[in-house]
Amino acid sequence: MNNNVDLSVNIAGLKLKNPVIAASGTFGFGREYAEYMDLNKLGGISVKGLTLKPRQGNKPPRIAETPAGILNSVGLQNPGVEAFIKEEIPFLRQYNLGIIANIAGNTIEDYCEMAEILGDADIDAIELNVSCPNVKAGGIAFGTSCAGISEITKRVKAYCKKPLIVKLTPNVTDIKETAKAAEDSGADAVSLINTILGMAIDIHRRKPILANNMGGLSGPAVKPVAVRMVYEVSKTVKIPVIGMGGITTGEDAIEFLLAGAAAVMVGTANFVNPAACLDVIHGMEAYLRQYHIGCVSEIVGKLELNQ
Amino acid sequence: MNNNVDLSVNIAGLKLKNPVIAASGTFGFGREYAEYMDLNKLGGISVKGLTLKPRQGNKPPRIAETPAGILNSVGLQNPGVEAFIKEEIPFLRQYNLGIIANIAGNTIEDYCEMAEILGDADIDAIELNVSCPNVKAGGIAFGTSCAGISEITKRVKAYCKKPLIVKLTPNVTDIKETAKAAEDSGADAVSLINTILGMAIDIHRRKPILANNMGGLSGPAVKPVAVRMVYEVSKTVKIPVIGMGGITTGEDAIEFLLAGAAAVMVGTANFVNPAACLDVIHGMEAYLRQYHIGCVSEIVGKLELNQ
Amino acid sequence: MAQVLKEKIAALDKLAPGVFKMTLKSEIIAQTALPGQFVNVKCSEGLNALLRRPISICNVDRDSNTFDIVFQIKGIGTEYLSQKKVGSEVDIIGPLGNPFRVEGEFKKIAVVGGGIGIFPLLNLLKASSAEHKDAFLGFRNKELIVLEEEFTQASDQLFISTDDGSAGHKGLITDLFINEIDKKKYDIVYTCGPTPMIKKVVEIAHKNNIRCQVSLEQRMGCGIGACLVCACKTRLGDEWEYSHVCKDGPVFWSNEVIFD
Amino acid sequence: MAQVLKEKIAALDKLAPGVFKMTLKSEIIAQTALPGQFVNVKCSEGLNALLRRPISICNVDRDSNTFDIVFQIKGIGTEYLSQKKVGSEVDIIGPLGNPFRVEGEFKKIAVVGGGIGIFPLLNLLKASSAEHKDAFLGFRNKELIVLEEEFTQASDQLFISTDDGSAGHKGLITDLFINEIDKKKYDIVYTCGPTPMIKKVVEIAHKNNIRCQVSLEQRMGCGIGACLVCACKTRLGDEWEYSHVCKDGPVFWSNEVIFD
Ligand SMILES: Cc1cc2nc3c(=O)[nH]c(=O)nc-3n(C[C@H](O)[C@H](O)[C@H](O)COP(=O)(O)OP(=O)(O)OC[C@H]3O[C@@H](n4cnc5c(N)ncnc54)[C@H](O)[C@@H]3O)c2cc1C
Ligand SMILES: Cc1cc2nc3c(=O)[nH]c(=O)nc-3n(C[C@H](O)[C@H](O)[C@H](O)COP(=O)(O)OP(=O)(O)OC[C@H]3O[C@@H](n4cnc5c(N)ncnc54)[C@H](O)[C@@H]3O)c2cc1C
Ligand SMILES: Cc1cc2nc3c(=O)[nH]c(=O)nc-3n(C[C@H](O)[C@H](O)[C@H](O)COP(=O)(O)O)c2cc1C
Ligand SMILES: Cc1cc2nc3c(=O)[nH]c(=O)nc-3n(C[C@H](O)[C@H](O)[C@H](O)COP(=O)(O)O)c2cc1C
Ligand code: FES
Ligand code: FES
C-alpha cells in the first residue's frame, strides 16, 4: 500500500496541507476542539462569523433538531474582529493550519472596514458571509441577488489583501448565477452551501422552537442539495469551489470533490463527533489509496455524468 | 374523551372528509395501496402526474436514498390523461375520497388541453404540476418564475371547471412571490412543496446514482424547509394552502396545519409504511382530542411567533 | 396477498465474510410465498436506511413456519440488518413480486446464478417437481461460496465456478452451463445475478431454444408497484415500455426483457 | 478533561413511568466527574436523534468505576436511550460543564430540585462534606417520585412535595424551603429544575442573604462551548451578555444569571 497520498491543495493561493476545513460557526475559534484532536491535523478552520463590533446574537433556543439535520439561529454571536485579532489569531497560529476569517456585516461599509482591519492580520483568507439567514440586516440580503453579490464582492475585494472567498446561500432559484456574479466581481473562490432557511414547530406550545422563529438547516439532510449545487457551480465558474453541507465521512467528502469542490468544510458533524474532521481526512485518504490515486486534486471534478 | 373530532375540510370547494391526501407520484392511482388500507379512510388522492400522451419516463435507476430522504427522477411515467379517465377514475370512484388530477405538460397548450379534457371527467380538483424537476421541457421551467406561473395559471384556469391547485416548487429564492403570482392569476389553492433538486454520487463508479444525474429530494429531510415555506406562503396568500414535505406522523401534519396548511399531503412516507396516511390521520385526531379541539380547521394557521 | 408484518428473528448466522442468513418466524410467508418472490425489509429503525431493502426469499419451511433470507453486506441497510439480534422483530412487507413459473410442464430444469442472485434459486429448486434439476452457481472466490450443501440436496447436479479458480471451474459459470446444454436438453433455465451473466445466459438459452426466466434487480421505492421507480425495459409489440421490477417482476420471461 | 467515550451499560432500570436509571461502567467519569457535571449522550445510532443529549451525572461509584444517569422520556432521544440493552455500549462525551461549588466553607446546605432537576443534586449531596444537608424535592405526583431512598441517605432531612398532594406537601417545593430557612440558616442553596422554580428559589435565597447556585438547561449543539447555541443571559457589569450553559454552566452563581 502506498502511504504517500498527497492531500495538499492550493485554493486561489490559500495553501492547505489537506482539503478539510472546519466550517464557520461550528468550530468556534478552535480552542474547544483542541481538547479532542490535534489541530495540526486540520487543513484549516473558518472561524465563527465575525462582525465589526462584538455581537450577542439571538435569543435562545438557538437550535432545533430536525430529521438528519439541525436548524440554528445563533445570529452571529462573536467578540468582534478586534478581539479575534488580539486573542484568537495568536492561539490558532500555534498550530499549522490555514486560518480563514469569516466576516459578516450589516452594511457594505462594515464588510469593507473589516477587510481593511484584517488586511494586516495574520490570516490566510477571508470568507465573505453574505448568506447568513439569521440576522435581520445584511447577511443573506446581499447574497440572494446577483447585484447584491457583485457590489459587495467588488467593494470588499478592493480592501482585501488575502484570497477572498465568497460564501453562497442555497436559498436562491439559480446558484449558478450568484456564483458567476461573485466570480465576475473578483472573488478568488466561492464556498457553498450556507444553511437552508427552515422552521420547526413545537406543536404543544404552538410556537416555533427557535426563539428567532426561523433558522438555517444544516447537517446530513442537506447533503444532496449541496452536492447538486457544488456540481452546478463548479461547472459554471473557473475559480475554485469549496464544498460543504452535511459532510460526515470521507465518502461524503469524496462526493463533493468529484462534484468539483477543491476543498470541503465540515460543520454540523463536529457536534456529533468532535473528531469528525479527522475521520473525514482519514476516510478520504483510504479512498484515494484504494484507487491508487496519488494526489487528492486528481479527483476534483472527475464526476462523469450518465448519458 | 370526545370521539367526535370533525376532520372535514373544504379547500376552495374541494370537500374532503379529512385533510390527509396521498401525494402525487407516491401513491400511483391508489390500486396498489388498496391492498394495505381501506382507501375510504383517506381524505383524497393526488394521482401520479398525468401528461397528454402516455410517457415512459426516465431511465433507471430512478431513486437514490440520501440521509432521511430520497432523490427520485421518475420523469412522469404515466398512461396519459385519456387512460386515466377511462381506467383509473372508475376504480377510484368506488371509494369515498377526493380525486385530484395532477397534470404536467411540455407546453402551456398541453396543460390547457388536459384541463379541457378533464373538464368533463369525474374528478374533484386539478393540481397543476409546474414544479417537476425531472423533465426537460415544461415542469419546473414554468414554476420558477412569477411570469411563468402567471401565464400558465391564467390560461389553464380558463379551461378549468374544477378547483385549480397550483403546486409550487421550493427551488426559488422567494416562494412568497410565486405563490402570490399563482393567487393573482386565478389559482383556487396552492400546494407545496414539490421536491428540492439534488444529486447523489456513487463514489466508486464516479457517476451520479440516478441515470438522470439529478433528481428531486423528498422525505423527512425536507420537512423544516417545507414548514417554513408553508408558513411564508400562508401569510402571503388568502387562498388555501396544502402543505407537504416529509410528513410521516400526525405530529408532523399538525406542524403544517399550525403553519397555515388547510390540508396536507403525504408522499415518501408511504414507501416506508404503506399505511402512513392512516397513521397520520390517527395521530392528528389524537392531538386534537388531547387538546379538546372539536374541529381540525380550528388550528389551521394558529402558530404564534416568538417575539 | 402481501402484508406488512413484524416477524421475529429465529436465527442469524454468518455464512461467509459479509454474507448472512437470517431465519424469520412467519406463518404467512412460510405458507404463501412462491419461489422468486421477495420481502421488503426495514433494515433499521427510523431514519437510518430509510427505505426498505428488497431481499429474496431463499428458503421456506412450511413445517416450522419459518423462512430464510440470505444477504450480502453492500451498504448501510444490509449492514444494519446484519447487526439485528436474534429474538428481535423485523418489519417486512411480503411476499412480493411475480414468482418463477415452476409448473409441471418443465421436466428438466437448470438454474444459473451468480453472487447474491443465487438465493431465490434455492427456493425455486426446492419448489420444482422437475425430474432433473441442475444448478450452476458462480462465486467470486472459494471464501464466498455459501449454501453448497443446500444446493447439492436441492439439485441433481451442482456446478460451481469461481472468478479466481479457488474452487470449482475457474472462470464464468456460463462456461459450465454451455457445456451441459447439449447433453441435458433443459426445458427451461432460470437465472438471477449480475446483468452481464444474465445477458449471457439469455443469449445461450435463446440460441438453444430453451425457455428462460430471469429475475432482475433495480433500486426500489415502494416495492409494491406504486411509485414507478424500479423501471426495466420490456417489449411491447415492436416497441418497448418501462415495466416495474417490484410488481411485473422481479421474474420475467427472457424474451420480454430488453437489455441495453 | 472531557473525552469521547464508549461505555458499557451495566444496568438499566425503570424507576417510575417514563423515568429510567442507567448505570454505565466508566473509570474516567467515575474517577473524575464533579457534582453538577453532565455527559452528552448519543442516544441512538446514526441519523436517529442526531444530536447528543445532555444528561446530568446523578451518582458516581468510585469503587466499582460506574456512574448513574437518570432520565425522563421527553422525546425521541430519551426514548431511544431507554430502549438500549444492558451490555451494549453508549457513546458519551464527558465529564462536561462547570460543577457546583461544594468546598468546605459551606457548613449547612440545602438543595432544591424539581422534576428532572433533582438528578444532579444527588451527586452534589454525596460529594458535599457539609455538616447539615437538607434536600427539597418537588414532583408532579406520587408515581413520579424517584430516588427517595438515595436522597434520604445522602441528606439529613428530606422534604417532598407533589403538585397534586398525592405524597408529601401539596403544592410548591419552595413552600417547604421557605419554612425551613429561618430555622436552618443555610450557608448555600443549590437548585435545579423548571425555570419558575429556580427563579423562586433565587428570590428566596437573595431575600435571606443565602448564597445560591443554579443549574440551568438549554438546547445544545456541541456541548463543549464551540457552537454558541446554548445561550443564557448573564450579568456583565451593568450590562448583560450571553454566556453558554454547556461551558460557562450549567452551574452559575444565582447573581450572575439574568432571568427574563
Ligand atoms: C428483487 C430483489 C431481490 C434481491 N434479493 C437479494 C438477496 O436475496 N440477497 C441480497 O444480498 N441482496 C438481494 N438484493 C439486493 C439488495 O436489495 C441490495 O443489495 C440492498 O438493497 C443494498 O442495500 P444497502 O443499504 O446495503 O446498500 P446501499 O448501497 O447503501 O443502498 C442504498 C440504496 O440503493 C438500493 N440498492 C443498492 N443496491 C441495490 C441492488 N443491487 N438492487 C436493488 N437495490 C439496490 C438499496 O435498496 C437502497 O435503497 C435483491 C434486490 C432485488 C431488487
Ligand atoms: C445540563 C443539562 C442536564 C440535564 N440533565 C438531565 C437529567 O439528568 N435527566 C433528564 O431526564 N434530563 C436532563 N436534561 C434534559 C435533557 O437533556 C432533555 O430532556 C433531552 O435532551 C430531551 O431529548 P429528547 O430527544 O428526548 O426530546 P426532544 O424534545 O425530542 O429533543 C429534541 C431536541 O431538543 C433538545 N431538548 C429538548 N428538551 C431539552 C431540555 N429540557 N434541555 C436541553 N435540551 C433539550 C434535545 O437535546 C434535542 O436536541 C438535562 C439538560 C441539560 C441542558
Ligand atoms: C451552529 C451553526 C453556526 C453557524 N455559523 C456560521 C457563521 O457564523 N458563518 C457562516 O458563514 N456559516 C455559519 N454556519 C454555516 C456552516 O458554516 C455551514 O455552511 C453549514 O452548516 C453547512 O454545513 P454542515 O451541513 O456541514 O453543517 C453555521 C452553521 C451552524 C450549524
Ligand atoms: C417517486 C416520486 C414521484 C413523484 N411524482 C410526482 C408527480 O408526478 N407530480 C407531482 O406533482 N409531484 C410528484 N412528486 C412529489 C410529491 O408529490 C411531493 O411533493 C414530494 O415528494 C414531497 O413530499 P414528501 O416529502 O412527503 O414525499 C413525486 C415524489 C416522489 C418521491
Ligand atoms: S418500487 Fe415502487 S413501483 Fe417498484
Ligand atoms: S452547546 Fe455548543 S456552545 Fe454550548
Side-chain angles (χ1 to χ4, degrees), chain A residues 22-37 45 47-49 54-79 134 200 202 204 209-211 215 218-221 246 248 267-276, chain D residues 1-6 40-54 74-78 80 91-97 195 216-234 236 239-249 257-260:
Chain A
S24 176
T26 66
F27 216 76
F29 299 101
R31 285 180 191 277
E32 291 79 14
Y33 286 94
E35 265 191 51
Y36 299 89
M37 68 163 75
I45 175 179
V47 301
K48 175 64 203 168
R55 256 182 92 107
Q56 289 301 332
N58 294 325
K59 270 197 202 164
R62 294 175 174 184
I63 191 167
E65 188 178 278
T66 66
I70 62 171
L71 292 172
N72 91 79
S73 59
V74 172
L76 296 174
Q77 178 167 15
N78 81 94
N134 296 323
D202 180 334
H204 303 291
I209 292 177
L210 298 175
S218 63
T248 306
T268 305
N270 297 307
F271 302 167
V272 183
N273 168 14
Chain D
M1 212 177 81
Q3 291 185 38
V4 184
L5 302 164
K6 302 244 190 298
N40 212 1
V41 184
K42 183 73 178 113
C43 294
S44 183
E45 285 178 297
L47 304 175
N48 291 328
L50 185 72
L51 291 172
R52 292 168 182 274
R53 306 307 199 236
K74 283 286 170 74
I76 48 162
T78 44
Y80 276 114
D91 174 352
I92 62 172
I93 301 180
L96 290 168
T195 309
L216 302 181
E217 276 182 32
Q218 191 46 270
R219 288 179 183 247
M220 293 188 180
C222 66
I224 64 173
C227 73
L228 311 185
V229 308
C230 61
C232 65
K233 248 187 195 173
T234 54
L236 182 72
E239 300 283 315
W240 62 271
E241 64 175 346
Y242 277 130
S243 291
H244 297 96
V245 170
C246 70
K247 192 154 194 202
D248 308 311
V257 182
I258 301 172
F259 299 97
D260 57 8

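Chain naming here is simple, since letters A, B, ... match the order of the sequence lines and numbering starts at 1 in each.
- In this structure the side chain of A/Pro274 reaches within 4.5 angstrom of the side chain of D/Val4, judged on heavy atoms.
- In plain terms, the two heavy atoms of D/Leu228 and A/Gln77 that are nearest each other are CD1-O, 3.4 Å.
- In this structure, A/Tyr36 has no ring pair (Phe, Tyr, Trp, His ring centres under 6.0 Å) partners at least two apart in sequence or on a different chain.
- The minimum heavy-atom distance between D/Ala226 and A/Phe27, with the atom names listed, is CB-C, 4.1 Å.
- Closest of all the heavy-atom pairs between D/Arg219 and A/Ile63 is CD-O, 3.3 Å.
- Residues A/Gln56 and D/Glu241 form a side-chain contact, since some pair of their non-hydrogen atoms from C-beta on lies under 4.5 Å apart.
- For residues 64-77 of chain A, every residue pair satisfying the salt bridge (Lys or Arg N to Asp or Glu O under 4.0 Å) rule, not counting sequence neighbours, is listed here: A/Glu65-D/Arg53.
- Using a 4.5 Å cut-off between heavy atoms, D/Arg52 touches chain A through its side chain atoms alone.
- Annotation: the span from A/Lys59 atom NZ to D/Lys233 atom NZ amounts to 7.0 Å, rounded to 0.5 Å.
- Of the two parts of A/Pro220, only the side chain, counted from C-beta on, holds a non-hydrogen atom closer than 4.5 Å to a non-hydrogen atom of chain D.
- The candidate with the highest count of non-hydrogen atom pairs below 4.5 Å against chain A, out of D/Asp91, D/Leu50, D/Leu47, D/Asn40, is D/Leu50.
- Pairing each heavy atom of D/Val229 with each of A/Pro60, the nearest pair is O-CB, 4.5 Å.
- For the pair D/Ala2 and A/Glu35, the tightest heavy-atom approach, listed with the atom from each and the gap, is N-OE1, 3.5 Å.
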